[in-house]
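These values consider heavy atoms only, across backbone and side chains, with no hydrogens, waters or symmetry-generated copies. Worth saying up front: this structure is predicted, and the values here are computed from it rather than measured. Letters go in sequence order (proteins before strands), and every chain restarts at 1.
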Protein chains: 2
Amino acid sequence: MRSTFRERSLGTSARDQAYVALRKAIVGAELEPGRRLSENQLAELIGVSRTPVRDALARLRDERLVAIVPQLGTFVTYIDEEAIADAHFVREALEVSAIRIAARDAGVDQLRDLHENLEAQERAVADDDAASFARLDDDLHRQLCDLSGREVAWRLSERTRGQLDRVRLLSLPEAGYRGQMLAEHRAVVGAVAGHDAVAAERELRSHQRMVLSSLPAIRDAHPEYFQED
Amino acid sequence: MRSTFRERSLGTSARDQAYVALRKAIVGAELEPGRRLSENQLAELIGVSRTPVRDALARLRDERLVAIVPQLGTFVTYIDEEAIADAHFVREALEVSAIRIAARDAGVDQLRDLHENLEAQERAVADDDAASFARLDDDLHRQLCDLSGREVAWRLSERTRGQLDRVRLLSLPEAGYRGQMLAEHRAVVGAVAGHDAVAAERELRSHQRMVLSSLPAIRDAHPEYFQED
DNA sequence: GCTTGCGTACTTGTATACTAGTACGCGACA
DNA sequence: TGTCGCGTACTAGTATACAAGTACGCAAGC
């Protein structure tokens with residue numbers, strides 16, 4: 001089929017294309033919580049067959065962004081505080097374990113990379129560049145995970161992002177939000193640079209709790225996105 | 001097809017059937033590391049079509065028990081110390097985080113369940129019942145995870161089991177192995193019962209490290225199961 | 001004898017056809 | 001008017017057909 005060649009970016013499979021498109025739509029609430037999804041409709045919409053769509057949905061189910069009920073339907077999950085608490089728990093457990101090792105082992109080259117990231121974040125804050133900041137935020141957390149030598153830490157932590165991103169994107173970008181994030185990132189990196197594992201753990205825990213604080217506001221703004229309306 | 005009705009246990013899908021069969025074969029080294037798997041052959045062997053086999057293989061790839069190379073083949077992964085270290089890292093991070101909460105919050109009913117499990121383990125050790133002991137071991141860890149209120153802890157920890165089970169099953173059942181396991185389980189449960197989070201964490205970490213100690217012996221016995229022969 | 005190139009027989013990825021099962025509306029009946 | 005029951009139109013699960021790409025052996029030429 002010509003369209004597959006034309007529309008599909010180089011090096012990306014139909015499965016990845018479907019996954020990226022669906023994840024973006026769900027996290028951005030374009031496909032709102034509770035919405036019923038038809039594999040056939042999605043396949044037609046994305047321009048692939050049902051098979052890669054099903055693969056993508058299976059992956060999204062792992063992230064608890066959709067729920068698949070056999071012979072009945074596939075639904076975008078409601079925002080569930082339990083699911084978000086689970087995501088937070090996993091992210092905290094993995095990244096804290098990683099940063100303990102990172103604080104112990106980090107070398108000068110790696111610390112330089114961390115500081116370079118912080119400088120880039122500083123520029124992004126100054127330029128009010130939300131997209132760059134979000135990317136750098138992710139990069140920093142990945143760097144910290146990778147410093148532990150256990151790349152699985154980031155791989156699994158990343159999977160919890162779906163739940164947390166949904167919260168982040170829905171929360172209104174308050175003034176000074178990115179500035180506070182940057183300050184917390186500085187505190188975390190500072191503790192790692194000082195090889196202070198206890199402080200690094202404390203700062204990271206405090207930092208990760210931030211995203212949870214915006215939940216009540218979202219519930220007020222979008223009660224229909226939650227299970228009990 | 002009649003066979004699907006006849007051979008498939010009640011309530012289990014073809015996908016689950018394929019997953020269970022393949023996982024068992026790989027963990028038990030019936031399908032040895034490095035072995036090339038053909039989706040078509042596996043489908044015929046298990047008695048289902050390629051679709052559920054592919055679903056099962058995708059799940060096994062998540063557990064790093066197989067590696068799928070597009071247009072080339074699917075292979076049973078070699079035993080990789082990095083992969084095992086990753087599995088250990090994840091298991092430790094999640095269960096330690098969970099047991100801290102468990103030690104703080106555990107109530108009398110839940111502690112009674114833990115002690116009942118220990119008593120059952122005692123009987124299994126006395127009866128030299130390996131299968132029961134393995135099941136009770138899993139149950140205990142799941143109970144400890146569930147005590148944290150974050151059932152995701154066990155769900156993810158369980159996924160690392162593939163790597164660790166492969167080590168466990170290959171390691172010769174040394175005399176007194178289960179007795180030592182039971183003693184460590186007692187220490188962990190004792191710390192939880194005493195609401196001593198620090199001790200619980202220490203005992204759990206020590207306990208989990210045990211499985212790693214058998215790795216060198218396995219490498220000696222089965223060098224062909226490792227990447228560099 | 002060695003190298004090169006093509007053809008065949010695989011592989012996974014994707015598309016489509018078919019099966020089993022659920023929800024729901026509409027019509028018949030009490 | 002209310003209720004029961006069946007038929008239709010969906011659903012996801014599974015099976016199969018097709019496409020794209022890799023490995024490898026064998027034959028031809030140097």
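Near DNA chain C, defined here as any heavy-atom distance below 4.0 Å, the residues from residues 49-56 of chain B are Arg50(B), Arg54(B), listed numerically.
Remark: P of dG13(C) and OH of Tyr19(A) are 18 Å apart, rounded to the nearest angstrom. The distance between atom CD1 of Ile68(B) and atom C1' of dG21(D), rounded to the nearest whole Å, is 17 Å. Rounded to an integer number of Å, the gap from Phe75(A) CZ to dA12(D) C1' is 11 Å. Atom CG in Leu57(A) sits about 13 Å away from atom C1' in dG13(D), given to the nearest Å. Rounded to whole angstrom, the span from the CG atom of Leu37(B) across to the C1' atom of dC10(C) amounts to 15 Å. Leu42(A) places its CG atom 10 Å from the P atom of dT11(D), with the value rounded to the nearest Å. One can place CZ of Arg36(B) at 7 Å from C1' of dC10(C), the figure rounded to the nearest angstrom. Between Gln71(A) atom CD and dT11(D) atom P there is a gap of 12 Å when expressed in whole angstrom units.
Using a 4.0 Å cut-off, some side-chain N or O of Ser38(B) falls inside it from OP1 or OP2 of dT11(C).
Note on Asp137(B) versus Arg168(B): no salt bridge recorded, every NZ/NE/NH1/NH2 to OD/OE distance being 4.0 Å or above. We find that Glu158(B) and Arg155(B) are not joined by a salt bridge, their nearest charged nitrogen and carboxylate oxygen being 4.0 Å or further apart. Salt-bridge annotation for Asp16(B) and Arg59(B): present, with a side-chain N of the basic residue lying under 4.0 Å from a carboxylate O of the acidic one. Taking a cutoff of 4.0 Å between a charged side-chain nitrogen and a carboxylate oxygen, Arg142(B) and Asp146(B) qualify as a salt bridge.
Taking for each of Gly73(A) and Leu72(B) the nucleotide of DNA chain D with the nearest heavy atom, the 5'-most of the two is the partner of Gly73(A).
Each ring-ring contact (aromatic ring centres under 6.0 Å, His included) pair with one or both residues in residues 140-171 of chain B, not counting sequence neighbours, appears once here: His141(B)-His185(B), His141(B)-His207(B).
Every residue meeting the salt bridge (charged side-chain N to carboxylate O under 4.0 Å, His left out) condition with Arg91(B), not counting sequence neighbours, appears here in chain and number order: Glu95(B).
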